[in-house]
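A quick write-up on the structure given underneath.
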Amino acid sequence: MSRRAAREPGCDTHDMVLVHRVFRREFRLLADIVEVTSPNDVEQVARISEHAREMLTALQQHHGSEDELVWPRLLSAQVDSALVECMAAQHHEIDTVMRRVDAELAEWEHQGGTETVDLLVDDLRRLNEVLTEHLRLEEDSVLPVVAETLTESQWAELGRRGLASLPLRRAPIFLGHIAEEADEREWAEFRSRVPVPIRLLYRLFGRRGHARETALLRRDLDSVGEVVK
C-alpha cells in the first residue's frame, strides 16, 4: 500500500468483525461455564475469573479506542451524530454491567453463596445481551460508514493499540481466540497484519496455549466447539 493510499479515505474493517466474534462467544460461554462450576473447585473458579477479567479488560480497551479514535473522526466527517451518540450511550450501558460483573467475580472467588452465583450468571447473560445488540448495530450501520470515512492508517491505529494493550505473553493467546472462528481466508488476512514477533510467538506456543486454556475453561460444558488453526 502506498503512502498516498494510506492517507486517502477508505479502509477494510472486517478485522473488527473477527474481534467482535471473540467477545460474543466468550461472554456467552462464560455465563454457562460459571453456572456449571462448583464453587468448591477453587482452582477452576480462579481460572474462570482470570479469563473473565482478561475479556472484560480487552472489551474495555476496545471500546476506549473507539471512543478516542473513531467517534470523533466520524463526527468531524459530519456523519450522522445520532448514530455516534447511540454508540457512545451503548458503551456506557455496557460499562455499567461490566463493573457489576467484575465486582461479582471478586465475591465468587471468595466463595460467595448461591445468590452471588445467580447474580453473576444473570449479569453475564445481561452483558452478552446488550453487547450482542451493540455489536450488531455497529457492524450493520457503523462499520460501513467507517470503511468510507477513515483512512487505512487511521484504522490500523486501532489494531496497533489493541495489541499493545495486551501483555506480550497474552497476545498470542488472544490470537488463538480470533483464529477459533475465522475461516482460512479471514485468518490469513488478519494474521498478515500482526507484527512478526507476535506471529512467531503464536506459532511457537500461542496456538497450543489457547487450545489448552479453552479446554480447561470449557471442560464442564456438555459440548466444546474447538477449532484450532
Side-chain angles (χ1 to χ4, degrees), residues 18-67 89-136 162-163 165-181 205-206 208-228:
L18 304 189
V19 175
H20 286 178
R21 287 179 193 166
V22 175
F23 293 134
R24 282 190 180 98
R25 182 186 66 244
E26 295 307 311
F27 286 114
R28 173 178 57 81
L29 288 176
L30 271 166
D32 296 334
I33 289 169
V34 170
E35 191 170 42
V36 301
T37 297
S38 167
N40 296 322
D41 190 343
V42 177
E43 184 178 0
Q44 181 72 342
V45 167
R47 179 182 294 118
I48 295 164
S49 296
E50 183 178 9
H51 174 63
R53 288 203 177 89
E54 184 171 66
M55 287 297 144
L56 289 171
T57 300
L59 179 57
Q60 185 178 48
Q61 187 282 328
H62 179 74
H63 283 175
S65 292
E66 290 178 334
D67 291 340
Q90 288 182 344
H91 278 190
H92 179 73
E93 180 183 9
I94 291 165
D95 185 65
T96 298
V97 185
M98 287 170 61
R99 280 187 270 113
R100 290 206 304 265
V101 167
D102 188 51
E104 288 155 4
L105 283 169
E107 291 186 31
W108 188 48
E109 285 182 288
H110 289 87
Q111 294 190 307
T114 302
E115 184 178 353
T116 298
V117 176
D118 290 344
L119 285 172
L120 177 56
V121 170
D122 285 348
D123 275 330
L124 282 167
R125 292 207 166 110
R126 175 58 181 163
L127 176 57
N128 181 59
E129 178 184 336
V130 294
L131 180 60
T132 296
E133 174 59 23
H134 170 70
L135 299 181
R136 182 198 62 77
L163 278 175
S165 71
L166 296 167
L168 184 60
R169 66 182 183 83
R170 297 304 299 170
I173 303 298
F174 201 87
L175 286 186
H177 288 302
I178 292 171
E180 186 172 344
E181 290 186 74
F205 73 86
R208 289 190 297 273
H210 166 264
R212 183 173 57 252
E213 288 188 16
T214 54
L216 287 169
L217 286 165
R218 304 171 191 175
R219 71 185 190 192
D220 296 322
L221 296 178
D222 291 335
S223 60
V224 177
E226 185 178 328
V227 178
V228 179

Taking Q44 for its side chain and L216 for its backbone only, find out whether a donor-acceptor pair lies under 3.5 Å. yes

One thing to verify: whether R170 and E50 come together as a salt bridge, which I'm taking to mean a side-chain N less than 4.0 angstrom from a carboxylate O. no

Passing option when E35 is tested against V121, V117, L221, L120 for side-chain contact (heavy atoms from CB on, under 4.5 Å): V121

Under the rule for ring-ring contact (aromatic ring centres under 6.0 Å, His included), what residues qualify as partners of H62, not counting sequence neighbours? H20, F23

Between atom CZ of R212 and atom CZ of F205, what is the distance when rounded to the nearest 0.5 Å? 9.5 Å

Ion pair present between R126 and D122, side-chain N to carboxylate O less than 4.0 angstrom? no

Salt bridge (Lys or Arg N to Asp or Glu O under 4.0 Å) partners for E43, two or more places apart: R47

Report the residues that fulfil side-chain hydrogen bond (donor to acceptor under 3.5 Å, both in side chains) with R53, sequence neighbours left out, ordered by chain and then residue number. D102, E109

Please confirm whether the backbone N or O of G162 pairs with a side-chain atom of S165, one donor and one acceptor, at under 3.5 Å? yes

Minimum heavy-atom distance I33-I48, with the two atoms named: CG2-CD1, 3.4 Å

How would you list, by chain and number, every residue that makes a side-chain hydrogen bond (donor to acceptor under 3.5 Å, both in side chains) with H91, sequence neighbours excluded? E66, D67, H134

To the nearest 0.5 angstrom, please state how far the CD1 atom of I94 sits from the CG atom of L135. 6.5 Å

Looking only at side-chain N and O atoms, does Q61 offer a donor or acceptor that is under 3.5 Å from a partner on T57? no

Of all heavy-atom pairs between T116 and W108, which one has the smallest distance, and what is that distance? CG2-N, 3.7 Å

How close do N128 and R24 get, heavy atom to heavy atom, and via which atoms? OD1-O, 3.5 Å

Distance col, row E180:CD vs H210:NE2, nearest 0.5 angstrom, shows 4.0 Å

What's the shortest heavy-atom distance between G206 and P172, and which atoms? CA-CB, 3.7 Å

Test F27 against T132 for side chain to side chain contact (heavy atoms under 4.5 Å, CB included), laying out the working first. CA-CA 10 Å; F27 286 114; T132 296; over 6 Å; no

Value for CZ (R99) from CG (L127), rounded to nearest 0.5 Å, stands at 12.0 Å

Not counting sequence neighbours, which residues clear side chain to side chain contact (heavy atoms under 4.5 Å, CB included) with Q111? List them please. N40, V42

Contacts of R21 meeting side-chain hydrogen bond (donor to acceptor under 3.5 Å, both in side chains) (sequence neighbours excluded), chain-then-number -> E186

Can you tell me how far apart CD1 (I178) and CD1 (I173) are? Round to the nearest 0.5 Å. 12.0 Å

So CG of L105 and NE2 of H51: to nearest 0.5 Å the spacing works out to 11.0 Å

Under the criterion side chain to side chain contact (heavy atoms under 4.5 Å, CB included), I'd like the reasoning laid out for H63 against D95: C-alpha separation, chi angles, the key distance, then a yes or no. CA-CA 9 Å; H63 283 175; D95 185 65; over 6 Å; no

For a side-chain contact (heavy atoms from CB on, under 4.5 Å) with V101, tell me which candidate from V34, L30, L56, L119 qualifies. L56

Checking R28 against D32 for the salt bridge (charged side-chain N to carboxylate O under 4.0 Å, His left out) test, could you report, in this order, the C-alpha distance in whole Å, the side-chain angles of both residues, the deciding distance, and whether it holds? CA-CA 7 Å; R28 173 178 57 81; D32 296 334; 5.1 Å; no

